[in-house]
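Heads up, the thing below is written out as structure tokens.
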Amino acid sequence: MINHFFNKTLFILLINFGLCTFLVPVSARLQRLHHQINNNGSLSFLVIGDWGRRGWYNQSQVAVQMGIIADKLDIDFVVSTGDNFYDDGLTGVDDPAFDESFKYVYGAPSLQKQWYTVLGNHDYRGDVEAQLAPKLRKRDSRWRCLRSFIVHTDIAELFFVDTTPFVNIYFDDPKDHKYDWRGILPRDVYVTNLLKDLRSALSESRAKWKIVVGHHGIRTTGHHCDTPELVTHLLPLLEEYEVDFYLNGHDHCLEHVSCQDSKIRFLTSGSGSKAWLESNKPHDICGVKFFHHGQGFMSMKLTKNTARFAFYDVFGKALHRWKTSLKKLHTSI
């Protein structure tokens, strides 16, 4: 990759007190959004991926259960791991799919919180700039989609990473698909800068919990298996700066993976609508704590010292729960 980096300073661009979100100054290129958490000293959110199908493939049923769990947990926000609109993203800022796949589907009062969203490979098949456009936030103020950015809270920092440009096959063998690479080319410069910006942000972070969110899996036994480009370029950064969790979609399943050589927990939540009814695949160095090939979503609750997450199916049943302490996780290897 080209060793090229633009060091910029971003200034306050947005204030949105209704959703407790505002931009604060940050060096480098990653925008930092500060989210004020609940007064009880904990942070709770849901994670959903690969969902936008106008309510079909049980998307609406999953949304109903998300509303119920969100109410019980009194969530702070929702994380989307990408592939927000199928099959080929949005056609523009006025595309009715935005309302039909997002606004109307996730209408529960408990889901009227900020949605922090990354792009997936299917989103890149449409008008990417539309998903990033401020006009969508005027249509629904919950929507917050950027290529890569940081959500800062008093307990944790979430680093959202645009993973699609890392993956060679979309450039080398796109088949019949057309991708919107505006803002990405030249690709090597874009990826190099992104990695440098992420390194800078991770090195400066003093958060109790560090969570990285991307669309593509790093370690997974699902349909797509590991993403080699992320194993090569992204995983070393996560290891070096002691990231606690990596959250992704792409594989249409729910999964909890831990590896012999890593403290990171790899969590897949990519079954917000259409799921693939197939068994998971063996992995050479990682173990599967949980795998579900049906529709569902995930919740996470953090305090200063503990982390809990759970996976739920389309009926709202908790299929897998896991808890750890900050000290235990950091001394697990």
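Small disclaimer: the values here were computed from a predicted structure and weren't measured. No hydrogens, no waters, no symmetry mates; every other heavy atom, side chains included, goes into these values.
Aromatic rings from Trp143 and Phe85 are positioned such that their centres are separated by under 6.0 Å. Between Phe77 and His35, the ring center distance clears the sub-6.0 Å criterion. The aromatic ring centres of Phe309 and His256 sit less than 6.0 Å apart. Between His292 and Tyr312, the ring center distance fails the sub-6.0 Å criterion. Under the 6.0 Å cut-off for aromatic ring centres, Phe102 and Trp115 qualify, their centroids lying closer than that.
A heavy-atom distance below 4.5 Å is found between the side chains of Asp123 and Asp83. Using a 4.5 Å cut-off on side-chain heavy atoms (C-beta onward), Lys274 and Tyr86 make no contact. No side-chain heavy atom of Leu267 sits under 4.5 Å from any side-chain heavy atom of Asn248. Within the 4.5 Å cutoff, no side-chain heavy atoms of Asn121 are placed close to those of Val167. In this structure, Phe159 and Ile211 have side chains that are not in contact, with every pair of non-hydrogen atoms separated by 4.5 Å or more. Residues Thr306 and Thr324 have side chains not in contact (no heavy-atom distance under 4.5 Å, counting atoms from C-beta outward). Under the 4.5 Å side-chain criterion, counting only non-hydrogen atoms from C-beta, Leu30 is in contact with Leu194. Side-chain contact between Leu33 and Phe149 is present, with heavy atoms from C-beta onward closer than 4.5 Å.
Here the OG atom belonging to Ser258 is positioned 4.5 Å from the CZ atom belonging to Arg265, to the nearest 0.5 angstrom. Rounded to the nearest 0.5 angstrom, His233 NE2 and Leu198 CG are separated by 13.5 Å. The distance from the OG atom of Ser42 to the CZ atom of Arg308 is 10.0 Å, given to the nearest 0.5 Å. Distance check, rounded to the nearest 0.5 Å: CG of Leu247 to CD1 of Ile48 gives 12.5 Å. Considering OG1 of Thr164 and CD1 of Ile184, their distance stands at 8.5 Å, rounded to 0.5 Å. Between Leu238 atom CG and Ile264 atom CD1 the span is 4.5 Å, to the nearest 0.5 Å.
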Inset, instruction - Before giving the answer on side chain to side chain donor-acceptor pair (under 3.5 Å), spell out for Trp51 and Ser80 the whole-Å C-alpha distance, their side-chain angles and the decisive distance to 0.1 Å. - result: CA-CA 9 Å; Trp51 42 269; Ser80 171; 2.9 Å; yes

Inset, instruction - Begin with the C-alpha distance, continue with both residues' side-chain angles, and end with the deciding distance and a verdict on side chain to side chain donor-acceptor pair (under 3.5 Å) for Gln295 and Asp313. - result: CA-CA 6 Å; Gln295 292 101 342; Asp313 67 10; over 6 Å; no

Inset, instruction - For Val79 and Leu158, run side-chain contact (heavy atoms from CB on, under 4.5 Å): C-alpha distance rounded to whole Å, both residues' side-chain angles, the deciding distance at 0.1 Å, then the answer. - result: CA-CA 10 Å; Val79 169; Leu158 288 80; 4.0 Å; yes

Inset, instruction - Please step through side-chain contact (heavy atoms from CB on, under 4.5 Å) for the pair His34 and Asp154, ending with a clear verdict. - result: CA-CA 9 Å; His34 181 86; Asp154 294 336; 4.0 Å; yes

Inset, instruction - Under the side chain to side chain donor-acceptor pair (under 3.5 Å) rule, what do Gln131 and Tyr124 come out as? Steps first, then yes or no, please. - result: CA-CA 10 Å; Gln131 289 200 48; Tyr124 267 99; over 6 Å; no

Inset, instruction - For Lys178 and Arg125, run side-chain contact (heavy atoms from CB on, under 4.5 Å): C-alpha distance rounded to whole Å, both residues' side-chain angles, the deciding distance at 0.1 Å, then the answer. - result: CA-CA 6 Å; Lys178 294 182 179 180; Arg125 295 180 189 176; over 6 Å; no

Legend entry - Trace of the side chain to side chain donor-acceptor pair (under 3.5 Å) decision for Thr221 with Glu255: CA-CA 8 Å; Thr221 64; Glu255 185 181 29; 2.4 Å; yes

Legend entry - Leu235/Leu230 under side-chain contact (heavy atoms from CB on, under 4.5 Å): CA gap, chis, key distance, verdict: CA-CA 6 Å; Leu235 181 57; Leu230 298 186; over 6 Å; no

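Pairing each heavy atom of Val257 with each of Cys286, the nearest pair is CG1-CB, 3.6 Å. The minimum heavy-atom distance between Leu111 and Ala63, with the atom names listed, is CD1-O, 3.9 Å. Minimum heavy-atom separation, Ile150 to Ala201: CD1-CB, 3.6 Å. Counting all heavy atoms, side chain and backbone alike, Ala307 lies closest to Trp209 at CB-CH2, 3.6 Å.
Within 6.0 Å of CZ in Phe171 there are more than 12 heavy atoms belonging to other residues, nucleotides or ligands. Within a 6.0 Å radius of CZ in Arg139, other residues, nucleotides and ligands contribute more than 12 heavy atoms.
Salt-bridge check for Asp87 with Arg53: passed, with a basic side-chain N closer than 4.0 Å to an acidic carboxylate O. At a threshold of 4.0 Å, the pair Arg219-Glu239 does not count as salt-bridged, since none of the basic side-chain nitrogens sits closer than that to a carboxylate oxygen. Ion pairing between a basic and an acidic side chain is recognised when a charged N comes within 4.0 Å of a carboxylate O; Glu157 and Lys208 show no such pairing. A salt bridge is defined here as a Lys NZ or Arg NE, NH1 or NH2 lying under 4.0 Å from an Asp or Glu carboxylate O, and Arg199 with Glu240 meets this definition.
Judged by distance alone, the side chain of Asp173 and the main-chain N or O of Ile169 form no donor-acceptor pair under 3.5 Å. Under a 3.5 Å cut-off, the side chain of Thr227 and the backbone N or O of Glu229 do not form any donor-acceptor pair. Asp162 contributes no side-chain N or O that, together with a main-chain N or O of Gly214, makes up a donor-acceptor pair within less than 3.5 Å. A distance-only check finds no donor-acceptor pair linking the side chain of Asp50 to the backbone of Gly249 [under 3.5 Å]. Proximity of a side-chain donor or acceptor of Asp180 to a complementary backbone N or O of Val128 within less than 3.5 Å is detected. With hydrogens and angles disregarded, no donor-acceptor distance shorter than 3.5 Å links the side chain of Ser269 to the backbone of Leu254. The closest donor-acceptor contact from the side chain of Asn58 to the backbone of Ser273 lies at 3.5 Å or more, if one exists at all.
Remark: of the listed residues Arg137, Arg144, Arg142, Arg142 is the sole one forming a salt bridge (Lys or Arg N to Asp or Glu O under 4.0 Å) with Asp140. Among Trp322, Phe290, Phe291, Phe297, the single residue meeting the ring-ring contact (aromatic ring centres under 6.0 Å, His included) criterion with Phe311 is Phe290.
In this structure, Arg187 is not positioned above the aromatic face of Tyr190 in the sense of NZ or CZ being under 6.0 Å from the six-membered ring centre and within 45° of the axis.
Ile68 is not connected to Val105 by any chain of hydrophobic side-chain contacts under 4.5 Å among Ile, Leu, Val, Met, Phe, Trp and Tyr, and they are in different clusters. Side-chain heavy atoms closer than 4.5 Å link hydrophobic residues (I, L, V, M, F, W, Y) into clusters, and following such links, even through other members, never connects Tyr104 to Val62.
A donor-acceptor pair shorter than 3.5 Å cannot be found between the side chains of Tyr179 and Asp88. In this model, no donor atom of one side chain and acceptor atom of the other lie less than 3.5 Å apart for Asp251 and Thr268. Side-chain contact check for Ser200 and Ser203: no donor-acceptor pair (N or O, by modelled atom type) lies under 3.5 Å. Counting only N and O atoms by type, the side chains of His283 and Asp226 include a donor and acceptor under 3.5 Å apart.
Ring geometry for His216 versus His250: interplanar angle of 30 to 60°, hence tilted.
Checked against disulfide (SG to SG under 2.5 Å), Cys145 has no partners two or more places apart in sequence or in another chain.
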